[in-house]
Amino acid sequence: MRGIKLTTEELDLIARGMDNDPFGSLGLHKDEKKKVAIVRAFKPYAKSVAVVIGDKEFPMKKLHAWGVFEAAVPMATGKMDYMLNVDGVILRDEYSFDPTIGELDSHLMLEGKHYRLQDKLGAHLIEHQGVPGVAFAVWAPNAYRVSVIGEFNKWDGRANVMRRHPVGGLWDIFIPLLGAGALYRFEVLDREGKLLPLRSDPFARHGEVRPANASRVWKSQYEMQNKMLDARHSINEPISIYEVHLGSFKRRDGIHFLNWDELAVDVVDYVHDMGFTHIELMPITEHPLDESWGYQPTGMFAPTSRFGDPDGLKRFVDAAHAKGLKVIVDWVPAHFPRNDFALARFDGKPIYEYEDSRKGEHQDWGTLIYDYGRNEVVNFLISSAKFFIEEYGIDGLRFDAVASMLYLDYSRQPGQWVPNVFGGNGNLEAINFLRNINTVLYREHPHIATFAEESTGWGGVSAPASSGGLGFGFKWNMGWMNDTLEYMKKDPVHRKYEHHKLVHTASYAFYENFVLPLSHDEVVHGKGSLLGKMPGDRWQKFANLRALYAYMWAFPGRKLLFMGGEFAQEREWSATQSLDWHLLADPMHRQVQSLVRDLNNLYRNVPALHRRCSEGAGFRWINFQDADNSILSFVRQDSSANDAVMVVSNFTPIVREGYRIGVPAAGVYEVLLNTDDFKYGGSGAGNWAPVESARVPCGDFEHSIVITVPPLAVVYFKKKV
């Protein structure tokens with residue numbers, strides 16, 4: 001039996017930190033023949049060590065110059081409790097504790113059925129065998145040896161070598177009397193005994209502020225008051241999303257990040273005042289590089305420490321929920337960075353990523369791709385998603401870069417990718433993962449919503465997984481965004497030649513549960529601001545932008561606008577500085593902001609504008625053929641023609657007098673909104689008195705009205721009740 005008598009070589013392995021079975025060597029081992037118990041400890045910095053049993057002490061002999069101590073003590077029946085006196089300090093021996101994870105956890109993880117891995121892996125403040133402390137556990141199936149290191153052991157990887165479990169590649173150890181706030185890392189030796197760069201904990205709940213990257217033992221002290229809103233997401237509810245990069249929404253003194261509590265006031269109150277229904281946070285998981293905007297995460301269970309501790313996020317979500325706002329978080333399951341303190345070749349081998357670089361590397365981004373065919377990795381990702389929903393009350397997740405997950409040949413040349421088993425380019429493992437995670441999330445948390453950033457024509461992204469879809473609740477309509485912005489960039493004199501682009505967007509508007517995104521991606525990398533995309537002189541730029549917004553808010557689909565767009569930010573967005581709030585001193589910027597606020601209020605309060613967004617029955621063209629005048633007109637309708645909203649868009653700077661449009665019912669029509677209104681900075685053209693319909697056929701309608709269509713403007717009409 002190894003624990004009774006150790007050879008010189010075995011003692012040397014302990015002293016050098018090369019013993020990968022420390023629980024077989026250290027701790028207490030009973031010698032049934034001699035009726036004694038051998039207690040062995042490794043205390044490399046101790047001058048003297050003794051075993052303490054009750055009121056008796058048994059001095060330990062130093063077996064190795066580097067700090068291996070041993071003593072024989074009287075053996076008792078049953079479990080023997082003892083302490084160690086290390087240079088006068090009474091301690092519990094880490095190697096006297098049983099495992100904190102069981103065989104069932106290992107098997108569930110291997111089978112892909114453990115969706116709360118964060119409950120077992122990582123660092124947990126618990127009471128174990130009647131003693132408070134921290135249970136550490138990590139997955140490293142290819143490691144020769146894993147240690148937990150920290151200030152508590154002088155960052156010495158020899159001191160607390162972990163126990164390897166026979167199934168699943170899990171390692172664990174319990175460190176008694178360790179408390180919240182302790183910094184730690186994992187020290188890993190690969191199969192050849194080579195020391196790898198120190199690792200942060202993949203399951204850490206909290207970490208140091210970058211550029212430091214140690215993990216931190218965390219225990220929440222805050223009980224959420226409004227953990228989740230009861231209302232389920234519905235395809236018929238108004239969804240107007242304000243996308244925020246927290247690091248650049250505002251800066252304290254123009255330099256420093258706001259903390260969570262400051263953001264809970266500045267962001268939440270502002271978004272509520274603007275009439276949005278949702279706040280979408282660009283990635284908030286821990287990430288080392290500010291310039292990645294969070295899209296290269298290294299801590300999938302840790303809110304970034306840039307804005308404070310994790311309880312701050314809870315208070316932020318509470319504040320949003322108290323205002324009736326739902327919170328969506330950008331979540332990144334498509335890839336992770338190569339930082340050597342994180343997941344890349346975590347135990348010396350690829351375990352989180354595909355081993356074959358033709359599947360495991362994103363060449364464009366220099367990142368690694370999760371191995372969606374490995375159950376442990378799928379468990380890791382699903383656990384992360386569930387954790388943010390369950391721990392922080394998040395109402396929705398926006399999956400980043402879904403297209404890159406679906407296609408094996410994504411951004412690859414021939415010969416740089418591996419076909420699937422059927423010879424195709426679909427990543428069957430990723431597809432199965434997406435269906436699986438959406439099924440799990442909606443089954444366990446039916447109030448939430450998942451959103452896919454998916455830029456291709458993949459069918460059924462927002463169709464149920466049970467019917468062959470990917471199971472998302474909603475999909476970003478990248479086609480609408482591209483076509484609409486390309487159209488709006490054109491000088492009005494040329495727009496008649498691009499008229500088909502806007503018409504075409506309606507032809508597929510009901511294929512998915514779409515979100516219309518004017519996101520951060522449209523105002524970076526030399527693309528300029530939305531205002532900067534608009535043609536013409538200064539007045540025309542603002543008029544075009546107002547028309548774009550009103551057209552977007554009327555078109556079928558949920559709305560998403562990146563921060564700054566609502567007040568016509570003039571420069572391209574930079575993640576390193578605050579938005580240009582000083583622009584609101586200019587009336588033209590305030591007027592755009594006022595328009596967006598009014599659009600949100602109309603959108604929320606007029607059912608025809610938000611219901612049936614995914615049904616063709618909720619949309620009807622009035623006239624899509626007037627390319628020469630660059631005018632588009634359509635009806636948004638709910639269940640009754642009396643509730644319908646007529647939308648007329650004029651994308652030229654010419655006022656169109658005496659313009660006839662069909663209406664769905666006889667009656668008197670009044671203007672709900674006119675982007676050319678003086679209050680929005682417009683010229684004041686249009687109909688300011690109600691207009692009565694006449695029984696004059698127009699297009700497919702029996703009744704019509706004659707109106708004045710203002711320049712570079714969108715007008716909403718509704719039947720007067």
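We're numbering straight along the sequence, starting at 1. All heavy atoms count here, side chains included; hydrogens, waters and symmetry mates do not.
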Verify, without hydrogens or angle tests, whether Ser384 (side chain) and Met300 (backbone) share a donor-acceptor contact under 3.5 angstrom.
yes

Flag for Ser292-Asp290: side-chain donor and acceptor within less than 3.5 Å
no

Side chains of Trp688 and Asn674: closer than 4.5 Å at any heavy-atom pair?
yes

Residue pair Ser305 / His206, side-chain heavy-atom distance below 4.5 Å
yes

Can you tell me how far apart CE (Met405) and CD (Glu453) are? Round to the nearest 0.5 Å.
11.5 Å

Stepwise ring-ring contact (aromatic ring centres under 6.0 Å, His included) check, Phe624 with Phe634
CA-CA 8 Å; Phe624 63 86; Phe634 55 84; over 10 Å; no

Of all the heavy-atom pairs spanning Val663 and Ser693, show the shortest one and how long it is.
CG2-CB, 4.1 Å

Show your working on side-chain contact (heavy atoms from CB on, under 4.5 Å) between Phe717 and Glu670 and close with a plain yes or no.
CA-CA 5 Å; Phe717 290 91; Glu670 58 186 348; over 6 Å; no

Decide if atom NZ of Lys527 counts as having more than 12 heavy atoms of other residues, nucleotides or ligands within a radius under 6.0 Å.
yes

Closest heavy-atom contact between Pro238 and Arg604?
CB-CA, 4.1 Å

Enter the distance from Asn513:CG to Glu615:CD here, rounded to the nearest 0.5 Å.
10.0 Å

Would you say the side-chain atoms of Glu286 pair up with the backbone N or O of Gly207, donor to acceptor, closer than 3.5 Å?
no

List the atom of Ser630, the atom of Pro492, and the distance in Å for their closest heavy-atom pair.
OG-O, 4.4 Å

Please answer whether the main-chain N or O of Ile239 pairs with a side-chain N or O of Tyr603 as donor and acceptor at a distance below 3.5 Å.
yes

Closest approach of Phe514 and Ala509, non-hydrogen atoms and distance?
CD1-O, 3.3 Å

Which donor-acceptor pairs under 3.5 Å do the side chains of residues 515-524 make with protein atoms, sequence neighbours left out?
unit_1, atom_1, unit_2, atom_2, d
Ser519, OG, Asp521, N, 3.2
His520, ND1, Glu243, OE2, 2.7

Taking the six-membered ring for Trp, are Phe651 and Tyr487 closer than 6.0 Å centroid to centroid?
yes

With side chains defined as the heavy atoms from C-beta onward, is the minimum distance between Leu632 and Trp621 less than 4.5 Å?
yes

Could you verify whether a donor N or O on one side chain and an acceptor N or O on the other, from Asp309 and Trp260, lie under 3.5 Å apart?
no

Heavy atoms, side chains only, cut-off 4.5 Å: are Val709 and Val655 in contact?
no

Below 3.5 Å, can you tabulate the donor-acceptor pairs from side chains in residues 272-283 to any protein atom, sequence neighbours excluded?
unit_1, atom_1, unit_2, atom_2, d
Asp273, OD2, Arg597, NE, 3.4
Asp273, OD2, Arg597, NH2, 3.1
Thr277, OG1, Ser240, N, 2.7
Thr277, OG1, Ser240, O, 3.2
His278, NE2, His233, NE2, 2.9

Enumerate the salt bridge (Lys or Arg N to Asp or Glu O under 4.0 Å) contacts for residues 550-568, please, sequence neighbours excluded, ordered by first and then second residue.
none

For residues Trp331 and Pro297, determine if any side-chain heavy atom of one lies less than 4.5 Å from a side-chain heavy atom of the other.
no

Value for NE2 (His500) from OG1 (Thr505), rounded to nearest 0.5 Å, stands at 11.0 Å

Residue pair Thr675, Val715: steps toward the side-chain contact (heavy atoms from CB on, under 4.5 Å) verdict:
CA-CA 7 Å; Thr675 65; Val715 184; over 6 Å; no

Under the 3.5 angstrom rule, does the side chain of Asp311 hit a backbone N or O of Tyr222 as a donor-acceptor pair?
yes

Side-chain donor-acceptor pair present, Ser683, Asp676, cut-off under 3.5 Å
yes

Evaluate the criterion side-chain contact (heavy atoms from CB on, under 4.5 Å) for residue pair Val645 and Val606; output intermediate values, then yes/no.
CA-CA 9 Å; Val645 174; Val606 178; 3.7 Å; yes

Kindly say whether Trp480 contributes a backbone atom to a donor-acceptor pair with the side chain of Asn477 at under 3.5 angstrom?
yes

Check: Arg210 and His287 side chains under 4.5 Å, non-hydrogen atoms
no

Tyr716 side chain vs Ala550 backbone, donor-acceptor pair below 3.5 Å
yes

Ring centers of Phe249, Trp581 separated by less than 6.0 Å:
yes

Answer yes or no: does atom OH of Tyr497 have more than 12 heavy-atom neighbours from other residues, nucleotides or ligands under 6.0 Å?
no

Separation of Leu672 CG from Leu599 CG (nearest 0.5 Å)
11.0 Å

Rounded to the nearest 0.5 Å, how far does CD1 of Ile241 lie from CZ of Phe562?
14.0 Å

Does the plane of the ring in Trp573 sit parallel, tilted or perpendicular to the ring in His245? Use 30° and 60° as the thresholds.
perpendicular

Quick one about Thr456 and Glu454 (side-chain donor to acceptor, distance below 3.5 Å, no hydrogens or angles considered), yes or no?
yes

Tyr680 and Asp598: side-chain donor and acceptor closer than 3.5 Å?
yes

Within 45° of the axis and under 6.0 Å from the centre of the six-membered ring of Phe474, does NZ or CZ of Arg398 qualify?
no

Say whether, by atom type as modelled, one donor and one acceptor occur between the side chain of Arg590 and the main chain of Leu584 under 3.5 angstrom.
yes

Say whether, by atom type as modelled, one donor and one acceptor occur between the side chain of Asp395 and the main chain of Ile328 under 3.5 angstrom.
no

Under 3.5 Å, is there a donor-acceptor pair between the side chain of Asn259 and the main chain of Glu262?
yes

Decide, yes or no, whether a salt bridge links Arg538 with Asp586 under the criterion of side-chain N to carboxylate O below 4.0 Å.
yes

List the steps, then state whether side-chain contact (heavy atoms from CB on, under 4.5 Å) holds for Leu673 with Trp553.
CA-CA 11 Å; Leu673 178 135; Trp553 256 258; over 6 Å; no

May I ask you to decide if Lys490's main-chain N or O and Arg495's side chain share a donor-acceptor pair within less than 3.5 Å?
yes

If you apply the rule side-chain hydrogen bond (donor to acceptor under 3.5 Å, both in side chains), what do you find for Arg656 with Asn650, and how did you get there?
CA-CA 8 Å; Arg656 306 294 179 180; Asn650 179 8; 4.6 Å; no

If you round to the nearest 0.5 Å, how far is SG of Cys613 from CG of Asn236?
8.0 Å

Less than 4.5 Å apart, side chain to side chain, heavy atoms only: is that true for Leu289 and Tyr295?
no

Are any non-hydrogen side-chain atoms of Phe336 and Gln296 less than 4.5 angstrom apart?
no

State whether a side-chain donor-acceptor pair under 3.5 Å links Asp364 with Ser411.
yes

Would you please say whether a donor-acceptor pair under 3.5 Å links the side chains of Glu570 and Ser529?
no

Where is the tightest heavy-atom contact between Phe510 and Pro556, given as atom of each residue plus distance?
CE2-CB, 3.7 Å

His589 and Asp580: side-chain donor and acceptor closer than 3.5 Å?
no

Taking the six-membered ring for Trp, is the centroid-to-centroid distance between Phe451 and Phe472 below 6.0 Å?
no

